[in-house]
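Only one structure is covered here, and it is reproduced in the block below.
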Amino acid sequence: MQSHLLTQLHINQKKSGPRWLLVPYLLFSLAAPGLTLGATSILSTLEQLATSSLVSREIRLDDLGFETPENLVSSDSRRELFFPVPPGVPLNKATLHFDADYLRGDGGRTTLLLSLDSYPVSARAFTADQGDANLRVGVDGQPRKNGFVKLSVAWASIVAESLCEDSRTIGNALTILPSTRLTYSFDTRDIKDLSVAWSALPPAPLILISSDPLSPEAYDTAWRLGLALSRAGKRVVFHTLPAIQEEIDLPGLEIPTALKDIPAYAALAGGGRHRLATPAELGALLTLAPDFLLPDLIVADDKLLRTVKEAMDALAQEILATGQASTAEIMDWLNRSFTTANGTLAEGEIQLARHGGRTLIAVAAGSGGKAAELFGEFWRHALETRAVVPQAIAPPLPDASRVTLGALGAVPGTLDVLARGDWTATFDLSNLSVEGRMPREVAIDLVAAPGPSATQPVASLYLNDYLLSAMRLAAEGKTEHLVATIPAYVLAPRNLLRVTFQRQPVSDDCREEPQAFPVAVLPSSHFRFGKADFGENFTGMFPRLARDAELLLPASYLRNASGTLPLVMRMAGATGLSPLRATLRVADESNALLKPVKAFLALDVVPAEAQVKAWLDGNRLLIGQAPGDAPYFDVAGLERIGVAQVVKAGNTTGVLWQTLGPDLPRFDKPFLLSQGDIALVGGRGPLVLIDGSDPKSERLAANEGGILSAPDLLFPGLSAWIIPVIIVITVSFLVLVILAGIVKRRRTSAQS
């Protein structure tokens with residue numbers, strides 16, 4: 001009977017999802033409706049330990065990328081800020097905490113208007129020279145189908161005495177602080193599918209993995225999930241499931257009185273540092289649900305499932321030994337608390353599960369790349385289901401010379417513009433790297449409605465904050481085309497395309513209020529492909545690593561998974577390694593050199609035949625043309641940083657990372673390796689960038705822009721040498737024409 005109980009427990013763990021892992025521990029902490037239990041019974045106490053189905057969220061502006069204050073300075077300034085919430089899920093006790101300061105050095109009338117989802121909720125006038133504009137506003141708890149709460153901030157500063165005087169000011173300003181936040185809670189029982197579950201993840205989701213050493217399949221799944229979450233703006237945290245005989249820290253752990261007679265709970269009662277002696281103690285720890293064992297996602301490999309099953313089996317036997325609960329009672333409670341059918345996920349399965357009032361996402365080991373692509377912008381909205389088994393996942397890009405923005409997940413549309421408006425779209429470079437081709441031109445099709453002003457609206461095109469092109473719009477309600485060449489240095493693994501519209505507001509000599517007029521980005525907007533720029537630098541590695549590439553790791557990384565996964569995740573994001581297409585290779589324990597067969601990212605394992613320009617000698621870092629040559633940088637004692645470099649290894653090219661010192665750097669946020677081929681990288685990102693092959697950026701100046709770039713865009717198959725050939729042919733032809741003219745004139749003169 002007990003064996004069946006354990007099997008059923010493990011089964012239920014699978015269906016309860018990522019936390020299904022914690023399923024066992026939560027097993028005993030779930031509330032079981034309909035049970036009649038005494039106030040001091042073990043089952044009643046375990047139910048009281050269960051986490052409530054309500055979970056809380058705090059979404060701050062700095063979680064959304066607004067790391068510096070937003071300043072509103074002009075006489076009429078506006079901002080729209082979007083706080084993500086689970087789409088279609090009611091919110092409980094939702095509150096906006098608006099943190100802001102103001103200055104009123106120019107006097108006049110200053111007004112702050114706050115609106116939520118286009119409904120005005122607060123209007124205040126300020127009369128002091130300076131002060132805070134903090135405010136707490138209740139937010140309607142109705143479900144948002146679009147998955148956002150929109151905060152609109154309008155700041156008006158009027159110093160003119162008459163209507164048509166100049167009202168521009170510099171001394172009246174409102175500063176919105178990054179601590180502005182939306183707090184709310186929601187019932188996880190309202191999450192019905194994988195799409196909503198992904199959208200409901202907190203800003204810092206926790207991924208639970210099995211104890212070290214991690215299997216290559218589980219490690220491969222974990223870094224791919226982490227990279228997908230990082231690209232979605234999350235701060236990923238990895239935790240390992242404690243192993244038997246592992247020492248863990250249990251600060252403030254409280255054991256209910258009713259459970260102290262059970263040996264496993266009694267052993268944990270001391271708190272502080274504790275070594276888990278038996279599987280039953282691990283099971284007891286799971287039921288107590290400390291924060292580091294409450295994940296949002298779980299890498300469901302066999303080792304983790306087996307460990308949890310054994311722990312809960314041992315704990316169930318100790319509970320049965322007390323005589324306070326029968327096998328039938330425990331089975332009945334577990335059967336009503338979990339709906340899973342077995343203790344393992346199907347091969348490649350991604351599953352939504354509930355346990356202890358929590359909704360979790362469980363990902364089978366080996367399916368991290370498919371999960372990363374499924375939860376991307378394009379496919380995620382199709383996941384209106386609790387479990388999927390993806391067989392093939394890829395972006396639906398045809399083998400053509402162009403691809404529309406809609407095929408990349410962008411949403412063309414219309415917006416009303418009074419003075420300025422932005423349309424944005426994001427896309428991964430891996431989705432645009434096809435058969436050695438890269439996006440070399442972007443064409444935006446626009447329509448703008450006319451306004452009363454004779455001044456034409458202006459459309460400006462940005463890619464990753466680089467201004468690529470701009471034009472005045474005729475604004476006659478007809479399609480217009482804004483086209484720009486894309487330099488290679490502009491592209492990044494994750495790209496932001498932005499079209500900014502600017503109009504001149506007109507009020508007819510102040511007799512009318514300025515009005516907004518519509519502009520539109522049409523679905524026919526597209527990218528055009530050209531020959532990829534495979535330079536021997538970090539930028540040139542983006543198209544290589546965005547396609548079929550290798551991730552090379554030493555075996556030691558798998559023995560310290562939670563410590564090394566953040567580095568792997570960050571370096572993969574910094575170099576553009578695709579979480580869908582990359583292949584993991586692990587060196588054996590002897591660290592025998594791996595020979596790459598395609599573009600690669602190698603971390604702390606030097607590939608065979610690698611031609612390095614930065615190398616380690618003990619605790620010294622040397623940088624030069626090659627080992628054996630006189631280095632131009634030779635320093636010992638550097639710690640908590642690493643050196644990344646582009647290297648040739650046989651017939652392949654890749655990026656090599658080597659850690660300096662005993663400790664890995666702890667990265668604050670994602671970063672990007674752009675210019676250069678050597679970089680010193682610390683916790684804050686790149687510290688020093690070196691371009692050893694082009695120190696004066698002559699190649700960059702020659703290859704980007706101007707007439708030299710036109711043939712490659714128009715005729716991608718042509719090489720750079722064709723340019724001087726064309727020039728020579730053209731000059732020769734002109735010389736021949738001139739000589740022919742001279743000869744003709746002489747003949748004519750002789751005949752006359």
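All residue numbers in this chain count up from 1 along the given sequence.
- Relative orientation of the Trp155 and Tyr102 rings is tilted, given thresholds of 30° and 60° on the angle between their planes.
- Counting heavy atoms from C-beta on, the side chains of Val153 and Leu174 come closer than 4.5 Å.
- Residues satisfying the side-chain contact (heavy atoms from CB on, under 4.5 Å) criterion with Phe66, sequence neighbours excluded, are Leu61, Leu64, Glu70, Leu81.
- Phe148 CZ to Ser199 OG: the interatomic distance, rounded to the nearest 0.5 Å, is 8.5 Å.
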Verify side chain to side chain contact (heavy atoms under 4.5 Å, CB included) between Thr175 and Leu177, making sure each step is shown before the conclusion.
CA-CA 6 Å; Thr175 301; Leu177 302 179; 4.0 Å; yes
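- For the pair Val85/Pro143, no side-chain contact is recorded, criterion being any heavy-atom separation below 4.5 Å from C-beta on.
- Without hydrogens or angle criteria, Arg104 side chain to Arg109 main chain gives no donor-acceptor distance under 3.5 Å.
- Between atom OG1 of residue Thr426 and atom CG of residue Leu405 there is a gap of 11.0 Å, rounded to the nearest 0.5 Å.
- In this structure the side chain of Phe375 never reaches within 4.5 angstrom of the side chain of Leu229, judged on heavy atoms.
- Applying the side-chain contact (heavy atoms from CB on, under 4.5 Å) criterion to Pro523, with sequence neighbours excluded, gives Pro412.
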Determine, step by step, whether Asp193 and Leu383 satisfy the side chain to side chain contact (heavy atoms under 4.5 Å, CB included) criterion, reporting the C-alpha distance in whole Å, the side-chain angles of both residues, the deciding distance to 0.1 Å, and the verdict.
CA-CA 7 Å; Asp193 57 59; Leu383 298 179; 5.9 Å; no
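- Two residues are said to be in side-chain contact when any heavy atoms from C-beta on lie closer than 4.5 Å; Leu497 and Thr424 fail this criterion.
- Minimum interatomic distance between Pro205 and Lys234 (heavy atoms only, all atoms of both residues): CD-CB, 3.7 Å.
- Take Val519 and apply the side-chain contact (heavy atoms from CB on, under 4.5 Å) test, not counting sequence neighbours, and it matches Leu415, Val417, Ala448, Phe501, Arg503.
- Nearest approach of Gly573 to Leu672, heavy atoms of both residues: O-CD1, 4.4 Å.
- Listed by chain and residue number, nothing satisfies the salt bridge (charged side-chain N to carboxylate O under 4.0 Å, His left out) test with Asp140 (two or more places apart in sequence, or in another chain).
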All N/O donor-acceptor pairs, side-chain side in residues 456-466, below 3.5 Å, sequence neighbours left out:
unit_1, atom_1, unit_2, atom_2, d
Asn464, OD1, Leu496, N, 2.8
Asn464, ND2, Val490, O, 2.8
Asn464, ND2, Asn495, OD1, 2.9
Asp465, OD1, Arg498, NH2, 3.4

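- Although no hydrogens or angles enter the test, the distance criterion places no donor-acceptor pair under 3.5 Å between the side chain of Lys370 and the main chain of Ala392.
- Legend: residues meeting salt bridge (charged side-chain N to carboxylate O under 4.0 Å, His left out) with Asp62, ordered by chain and number and at least two apart, are Arg60.
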List the steps and the verdict of side chain to side chain contact (heavy atoms under 4.5 Å, CB included) for Leu491 and Thr539.
CA-CA 8 Å; Leu491 292 169; Thr539 302; 6.0 Å; no
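- Between His526 and Arg528 the shortest side-chain heavy-atom distance falls below 4.5 Å.
- A donor-acceptor pair under 3.5 Å links the side-chain atoms of Ser525 to the main chain of Asp445, judged by distance alone.
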Working note: Leu446 + Leu522, criterion side chain to side chain contact (heavy atoms under 4.5 Å, CB included); need CA distance, chi angles, decisive distance, verdict.
CA-CA 6 Å; Leu446 308 169; Leu522 301 181; over 6 Å; no
Got a list of side-chain donor-acceptor pairs under 3.5 Å for residues 86-99, not counting sequence neighbours?
unit_1, atom_1, unit_2, atom_2, d
Asn92, ND2, Ser185, OG, 3.2
His97, NE2, Thr183, OG1, 3.1
Asp99, OD2, Ser179, OG, 2.7
Asp99, OD2, Arg181, NH1, 3.1

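- For the atom pair Ile444 CD1 and Ser524 OG, the distance stands at 9.0 Å (nearest 0.5 Å).
- A 6.0 Å sphere centred on CZ of Arg78 holds no more than 12 heavy atoms belonging to other residues, nucleotides or ligands.
- For Ala123, the side-chain contact (heavy atoms from CB on, under 4.5 Å) partners two or more places apart in sequence, or in a different chain, are Leu113.
- Shown here are the salt bridge (charged side-chain N to carboxylate O under 4.0 Å, His left out) partners of Arg57, two or more places apart in sequence or in another chain: there are none.
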Any chance you could lay out the ring-ring contact (aromatic ring centres under 6.0 Å, His included) test for Phe83 and Tyr184, step after step, and finish with the verdict?
CA-CA 11 Å; Phe83 294 89; Tyr184 62 93; 9.6 Å; no
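- A distance of 6.5 Å separates CH2 of Trp198 from CG of Leu297, quoted to the nearest 0.5 Å.
- A pairwise comparison of heavy atoms in Pro686 and Leu673 identifies CG-CD2, 4.0 Å as the closest pair.
- Note that CD of Glu67 and NZ of Lys669 are 4.0 Å apart. Values are rounded to the nearest 0.5 Å.
- No side-chain donor-acceptor contact under 3.5 Å links Thr111 to the backbone of Ala156.
- A search for salt bridge (charged side-chain N to carboxylate O under 4.0 Å, His left out) contacts involving Arg235 returns Asp63, not counting sequence neighbours.
- Counting only heavy atoms from C-beta outward, the side chains of Val149 and Leu116 approach each other to under 4.5 Å.
- For the pair Pro390/Glu373, no side-chain contact is recorded, criterion being any heavy-atom separation below 4.5 Å from C-beta on.
- Here the closest non-hydrogen pair linking Pro439 and Phe529 is N-CD2, 3.9 Å.
- With hydrogens and angles disregarded, a donor-acceptor distance shorter than 3.5 Å links the side chain of Asn172 to the backbone of Asp106.
- Checking side-chain atoms of Lys192 against main-chain N and O of Arg189 turns up a donor-acceptor pair under 3.5 Å.
- Considering only residues two or more places apart in sequence or on other chains, Asp190 meets the side-chain hydrogen bond (donor to acceptor under 3.5 Å, both in side chains) condition with none of them.
- For the pair Phe186/Thr188, a side-chain contact is recorded, criterion being any heavy-atom separation below 4.5 Å from C-beta on.
- The backbone N or O of Pro579 sits nowhere less than 3.5 Å from a side-chain atom of Arg581 that would complete a donor-acceptor pair.
- Considering every non-hydrogen atom in both Thr414 and Ala520, the closest pair reads OG1-CB, 3.4 Å.
- Applying the side chain to side chain donor-acceptor pair (under 3.5 Å) test to residues at least two apart or on different chains, the pairs with a partner in residues 118-138 are Ser118-Lys150.
- Here the shortest heavy-atom pairing between Ala492 and Phe542 reads CA-CE1, 4.0 Å.
- Distance CZ/Phe538 to CG/Leu689: 7.0 Å, rounded to 0.5 Å.
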